[in-house]
**Q** 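Supplied in structure tokens, the structure appears directly below.
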Protein chains: 2
Amino acid sequence: MTKNFDHHKIDEIIHSRIRLSIMAALATVDVMDFLTLLDEVNTTKGNLSVHLSKLEENGYIVTEKKFVKKKTLTLCKITPEGITAFHEYLNMVEEFARKAATGKDSNQ
Amino acid sequence: MTKNFDHHKIDEIIHSRIRLSIMAALATVDVMDFLTLLDEVNTTKGNLSVHLSKLEENGYIVTEKKFVKKKTLTLCKITPEGITAFHEYLNMVEEFARKAATGKDSNQ
DNA sequence: AATTTTGGTTTATATTTTAAACCGGTTTAA
DNA sequence: TTAAACCGGTTTAAAATATAAACCAAAATT
């Protein structure tokens, strides 16, 4: 009965509103550029930059900087490990949701 | 196409590993006491106390302090608003998951 | 050739999280 | 008895995290 909802089961790297949004957005495509992601996630450039760095440090995404028409273009791509971690994250949330849905016996 | 993954869609009160765990645990029962919750969520007393306060300030739970056998007993109960918010939270995560699952066209 | 815009990064501040220290009371051991 | 240890929490001070303003180099516009 105990430890059904241990908070350590939730991946803290993915579990941040912005990073969850980033991971979900990147899961939909092969690659997405910085500015498209900025619009999808609806945050500031500074925030996006910081959170992309954190995801990259943890191997969940990779970024590539290119020049296109003399302008910088940052491409973001989810890694296989990132996809796995994202799915595990969703599975844990679903597990919490499922356990929450089944209960409703009083314990007092 | 745009703003599919707006991070503002995620309820920031619920979206904390510990508070999500608390809400999921309280959704399973009528009431749960502090120490049972402490065990389910697997955190420290200080953390649980702080996060319960935050949930209570936002009307998502209520607490009641009683004495049983000369000892204090804190009972925690999710409110109807808390249940609604919790379900909306889960729906948003599911929406992200569903949109993430359907994509996989390159945008570059 | 100065100004503005673009595509970001750095960084200082604000917010949140964490757990150690504390607290009033109770039980146990001496 | 009494003092040491325990119980059920709360407070708070420090650490970690998130945020957006300020910044930057290069390109475009005036």
Side-chain angles (χ1 to χ4, degrees), chain A residues 2 5-23 25-26 31-58 60-77 107-108, chain B residues 2 5-23 25-26 31-58 60-77 107-108:
Chain A
T2 201
F5 302 102
D6 187 339
H7 76 282
H8 299 103
K9 291 179 181 176
I10 303 290
D11 183 335
E12 67 181 342
I13 298 306
I14 293 179
H15 193 76
S16 129
R17 278 153 70 235
I18 291 185
R19 291 196 299 271
L20 175 58
S21 296
I22 292 170
M23 293 297 281
L26 294 185
V31 293
M32 190 178 284
D33 65 276
F34 188 92
L35 293 177
T36 302
L37 198 47
L38 186 67
D39 183 49
E40 288 281 13
V41 171
N42 197 22
T43 184
T44 58
K45 292 181 292 179
N47 266 341
L48 184 57
S49 181
V50 167
H51 289 293
L52 285 176
S53 296
K54 186 152 189 170
L55 289 172
E56 189 160 26
E57 282 162 21
N58 283 275
Y60 287 180
I61 70 164
V62 286
T63 59
E64 184 193 356
K65 283 119 173 34
K66 303 169 62 175
F67 282 91
V68 173
K69 287 284 181 186
K70 294 189 174 178
K71 298 204 154 180
T72 61
L73 177 70
T74 300
L75 296 178
C76 308
K77 193 167 188 165
N107 74 329
Q108 293 298 326
Chain B
T2 200
F5 302 102
D6 187 338
H7 76 282
H8 298 103
K9 292 179 180 176
I10 303 290
D11 183 335
E12 67 180 341
I13 300 305
I14 294 179
H15 193 77
S16 128
R17 277 151 71 233
I18 291 185
R19 290 197 299 271
L20 175 58
S21 296
I22 292 170
M23 292 297 282
L26 294 185
V31 293
M32 191 178 284
D33 66 276
F34 187 92
L35 294 177
T36 302
L37 198 46
L38 187 66
D39 183 50
E40 288 281 13
V41 171
N42 197 22
T43 184
T44 58
K45 293 182 291 178
N47 266 342
L48 184 57
S49 181
V50 167
H51 289 293
L52 285 175
S53 295
K54 186 153 191 169
L55 288 171
E56 189 160 26
E57 282 162 21
N58 282 275
Y60 287 0
I61 70 164
V62 285
T63 60
E64 185 194 356
K65 282 119 178 24
K66 303 168 64 174
F67 283 91
V68 173
K69 287 282 180 190
K70 294 191 173 177
K71 299 204 155 179
T72 62
L73 177 69
T74 300
L75 296 178
C76 308
K77 192 167 189 165
N107 73 330
Q108 294 297 326

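Naming convention: chains lettered A, B, ... in sequence-line order (proteins, then strands); numbering from 1 in each chain. What you see is a predicted model, and the numbers here were worked out from it, not measured in a lab.
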**Q** Return the nearest nucleotide to the side chain of B:Phe34; candidates are D:dT10, C:dG8, C:dT27.
**A**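 Between D:dT10, C:dG8, C:dT27, the one nearest the side chain of B:Phe34 would be D:dT10.
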
**Q** Please determine, for C:dA30, whether a Watson-Crick or G-U wobble partner exists with both distances under 3.5 Å, and give it or none.
**A**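 Check on C:dA30: paired to D:dT1, both distances under 3.5 Å.
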
**Q** Among residues 5-17 of chain A, which contact DNA chain C at a heavy-atom distance under 4.0 Å?
**A**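 Under 4.0 Å from DNA chain C: no residue of residues 5-17 of chain A.
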
**Q** Looking only at heavy atoms, which two atoms of B:Ala25 and B:Met32 are closest? And how far apart?
**A**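 Here B:Ala25 and B:Met32 meet closest at O-CE, 3.9 Å.
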
**Q** How close or far is atom P of C:dA19 from atom CD1 of B:Ile18, stated in whole angstroms?
**A**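 One finds 7 Å between P of C:dA19 and CD1 of B:Ile18, rounded.
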
**Q** Please list, chain by chain and in numerical order, all residues satisfying ring pair (Phe, Tyr, Trp, His ring centres under 6.0 Å) with A:His15, sequence neighbours excluded.
**A**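 Scan of A:His15 (ring pair (Phe, Tyr, Trp, His ring centres under 6.0 Å), adjacent residues dropped) gives A:Tyr89, B:His15.
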
**Q** Looking only at heavy atoms, which two atoms of B:Thr43 and A:His7 are closest? And how far apart?
**A**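 Taking B:Thr43 first and A:His7 second, the nearest heavy atoms are CB-CE1, 3.9 Å.
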
**Q** Who are the salt bridge (Lys or Arg N to Asp or Glu O under 4.0 Å) partners of A:Lys77, not counting sequence neighbours?
**A**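 Checked A:Lys77 against salt bridge (Lys or Arg N to Asp or Glu O under 4.0 Å); matches are A:Asp30.
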
**Q** Would you please name every residue forming a ring pair (Phe, Tyr, Trp, His ring centres under 6.0 Å) with A:Phe5, sequence neighbours left out?
**A**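 Partners of A:Phe5 under the ring pair (Phe, Tyr, Trp, His ring centres under 6.0 Å) test: A:Phe96.
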
**Q** Just the rounded figure in Å: distance from C1' of C:dT16 to CD1 of B:Ile22.
**A**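 After rounding, the gap between these two atoms is 14 Å.
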
**Q** Take the protein atom CZ of A:Phe67 and the nucleotide atom P of D:dA25, then report the distance between them rounded to whole Å.
**A**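 Rounding to the nearest Å, CZ of A:Phe67 and P of D:dA25 are 13 Å apart.
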
**Q** Rounded to whole Å, how long is the line connecting atom CG of A:Leu73 with atom C1' of D:dA25?
**A**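 A:Leu73 atom CG is separated from D:dA25 atom C1' by 17 Å.
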
**Q** Of all heavy-atom pairs between A:Lys45 and A:Phe34, which one has the smallest distance, and what is that distance?
**A**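 Answer, listing the atom of A:Lys45 first, then A:Phe34: O-CZ, 3.7 Å.
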
**Q** Considering residues at least two apart in sequence or located in another chain, which fulfil the side chain to side chain contact (heavy atoms under 4.5 Å, CB included) criterion with A:Asn42?
**A**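 Residues passing side chain to side chain contact (heavy atoms under 4.5 Å, CB included) with A:Asn42: B:Lys3, B:Asp6, B:His8.
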
**Q** Whether A:Thr74 contacts C:dG8 is assessed here as follows: a side-chain N or O lying under 4.0 Å from the phosphate OP1 or OP2. Is that the case?
**A**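 Result: yes.
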
**Q** Nearest whole angstrom, please: distance from the P of D:dC24 to the NZ of A:Lys65.
**A**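 It is 19 Å, rounded to the nearest whole Å.
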
**Q** B:Leu35: what forms a side chain to side chain contact (heavy atoms under 4.5 Å, CB included) with it, not counting sequence neighbours?
**A**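 Applying side chain to side chain contact (heavy atoms under 4.5 Å, CB included) to B:Leu35 gives B:Asp33, B:Leu38.
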
**Q** State which residues pass salt bridge (Lys or Arg N to Asp or Glu O under 4.0 Å) with A:Lys54; sequence neighbours excluded, sorted by chain then number.
**A**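 Scan of A:Lys54 (salt bridge (Lys or Arg N to Asp or Glu O under 4.0 Å), adjacent residues dropped) gives none.
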
**Q** Distances under 3.5 Å between protein N/O atoms and the N/O atoms of nucleotides 3-6 of chain C, please, pair by pair.
**A**
from: C:dT6; atom 1: O3'; to: A:Lys71; atom 2: NZ; distance (Å): 3.4

**Q** Between C1' on C:dT16 and CZ on A:Arg19, what's the gap in Å once rounded to a whole number?
**A**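 So the CZ-C1' distance, A:Arg19 to C:dT16, works out to 13 Å.
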
**Q** Can you sort out the partners of A:Glu57 under side chain to side chain contact (heavy atoms under 4.5 Å, CB included), two or more places apart, ordered by chain and number?
**A**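 Only A:Ser53 meet the side chain to side chain contact (heavy atoms under 4.5 Å, CB included) criterion with A:Glu57.
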
**Q** So, using salt bridge (Lys or Arg N to Asp or Glu O under 4.0 Å) as the criterion, who are the partners of A:Lys71 when residues are at least two apart?
**A**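 Expected list: none.
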
**Q** How long is the line joining CG of B:Leu38 and C1' of D:dG8, in whole Å?
**A**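 The answer, rounded to whole Å, is 10 Å.
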
**Q** Is there a residue in residues 46-55 of chain A whose heavy atoms reach under 4.0 Å of DNA chain D, and which residues are they?
**A**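 Residues of residues 46-55 of chain A under 4.0 Å from DNA chain D: A:Gly46, A:Asn47, A:Val50, A:His51.
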
**Q** Starting from C1' on D:dA20, measure out to CG on A:Asn42 and report it in whole angstrom.
**A**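 After rounding, the reported distance stands at 14 Å.
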
**Q** Among pairs that include at least one residue of residues 10-19 of chain A, which meet salt bridge (Lys or Arg N to Asp or Glu O under 4.0 Å), considering only residues two or more places apart or in two chains?
**A**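 Only A:Glu12-B:Arg17, A:Arg17-B:Glu12 qualify under salt bridge (Lys or Arg N to Asp or Glu O under 4.0 Å).
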
**Q** Under 4.0 angstrom, heavy atoms only, what part of the nucleic acid is B:Thr44 near: base, sugar-phosphate, or nothing?
**A**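 B:Thr44: base contact, heavy atoms under 4.0 Å.
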
